[in-house]
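Step one of this worksheet: look at the structure below.
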Amino acid sequence: MYTRRIPVNLDDLEAAFEDASGTVRYYLDLEIGAVIAITDEIRDELKAIDEELEDAPGAEDEAFARALQERDLPEWMRAMVCKAHAVEQGYGTRYIAIPNADSREGYTTMEDFIETVADQRLQAQLAQAIQGRGAFRRFKDVLVTYPDERERWFAFNTARVRERVLAWLQDAGITPILE
């Protein structure tokens, strides 16, 4: 399989993999390895500009730049809309979507961690905590009173997320050059 070598910041990729907010989409720039976050608010601005331009004559890039300048946006937001436009234009060639957080994988990670807990009382508390809605919060709440196990959980979870990130990169044909 063809692999593309690009520099990546695994911490940024891991953060993107773990973001379950649903209000941000993440993309990997295949040329420079940067993780790009595009919020729903930025996406909405881009969509509004695209709708304005549907009937507008002229070169696409020039028309986009004019429409963006005409919007009353702070400079940081204008830059992000411009970046979102670049991602849209280069999607699939220069940019690829980073997968959304998968709650099932997170739940499985909690189950696997519980199996490693030596204290049977804590193990039972954690197993109870992950039943039903709010499992992630209850799980973390139980660990607050066990600081050593809490730290072990963070290391365990980070290792699992890193495994998922590296597997995704491999599936995408990317060999990471670690920064």
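What you see is a predicted model; the values in this text were computed from it and never measured.
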Exercise. Is it true that F136 and V144 fall in one hydrophobic cluster, defined by side-chain heavy atoms closer than 4.5 Å?
Worked result: no
Exercise. In terms of hydrophobic clustering (I, L, V, M, F, W, Y; side-chain heavy atoms under 4.5 Å; direct or indirect links), are V161 and I130 co-clustered?
Worked result: no
Exercise. Hey, does the side chain of R94 reach the backbone of Q89 with a donor-acceptor pair shorter than 3.5 angstrom?
Worked result: no
For this session: Answer yes or no: is there a donor N or O on one side and an acceptor on the other, between the side chain of R164 and the main chain of E14, under 3.5 Å?
Result: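 Pair absent, no side-chain N/O of R164 close to backbone of E14.
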Exercise. Do F113 and F156 have their ring centres less than 6.0 Å from each other?
Worked result: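 Yes; F156 has its ring centre under 6.0 Å from that of F113.
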Working to the nearest 0.5 Å, report the span between [atom1] of [X] and [atom2] of [Y].
X	Y	atom1	atom2	answer
R5	I174	CZ	CD1	12.5 Å
E52	R71	CD	CZ	5.0 Å
L178	D11	CG	CG	10.0 Å
T109	R104	OG1	CZ	10.0 Å
E41	M77	CD	CE	3.5 Å
I114	M110	CD1	CE	7.0 Å

Taking the side chain as every heavy atom from C-beta outward, state whether [X] and [Y] have any atom pair closer than 4.5 Å.
X	Y	value
V165	I98	no
K83	Y95	yes
L46	I38	no
V142	R138	no
L10	L166	yes
E105	F17	no
L68	H85	no

For the student: nearest non-hydrogen atoms of [X] and [Y], plus distance:
X	Y	result
T93	R4	O-NH1, 3.9 Å
V35	A16	CG1-CB, 4.2 Å
A97	W168	O-CZ2, 3.4 Å
I49	A67	CG2-CB, 3.8 Å
G33	L28	O-CD1, 3.4 Å
S21	V24	OG-N, 3.9 Å

Exercise. Counting only heavy atoms not in Q131, do more than 12 sit closer than 6.0 Å to its CD atom?
Worked result: yes
Problem set entry | Atom CD of E111 with >12 non-hydrogen neighbours under 6.0 angstrom |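 More than 12 heavy atoms, drawn from other residues, nucleotides or ligands, come within 6.0 Å of this atom.
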For this session: Walk me through it: do T23 and T39 pass the test side chain to side chain contact (heavy atoms under 4.5 Å, CB included)?
Result: CA-CA 6 Å; T23 62; T39 64; 6.0 Å; no
Exercise. Pick one: which of V8, T3, N9 meets side chain to side chain contact (heavy atoms under 4.5 Å, CB included) with P176?
Worked result: V8
Exercise. Side chain to side chain contact (heavy atoms under 4.5 Å, CB included) between I6 and E31: does it pass, once the steps are laid out?
Worked result: CA-CA 7 Å; I6 61 171; E31 289 184 14; over 6 Å; no
Exercise. Do W153 and T116 pass the side chain to side chain contact (heavy atoms under 4.5 Å, CB included) test, and can you show the C-alpha distance, the side-chain angles, and the key distance before you say yes or no?
Worked result: CA-CA 10 Å; W153 158 250; T116 71; over 6 Å; no
For this session: Check the pair R25 / V87 against side chain to side chain contact (heavy atoms under 4.5 Å, CB included), numbers first and verdict last.
Result: CA-CA 11 Å; R25 289 286 298 139; V87 169; over 6 Å; no
Exercise. Is the NZ or CZ atom of R150 positioned over F154's six-membered ring, under 6.0 angstrom from the centre and within 45° of the axis?
Worked result: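 So R150 doesn't make the cation-pi contact.
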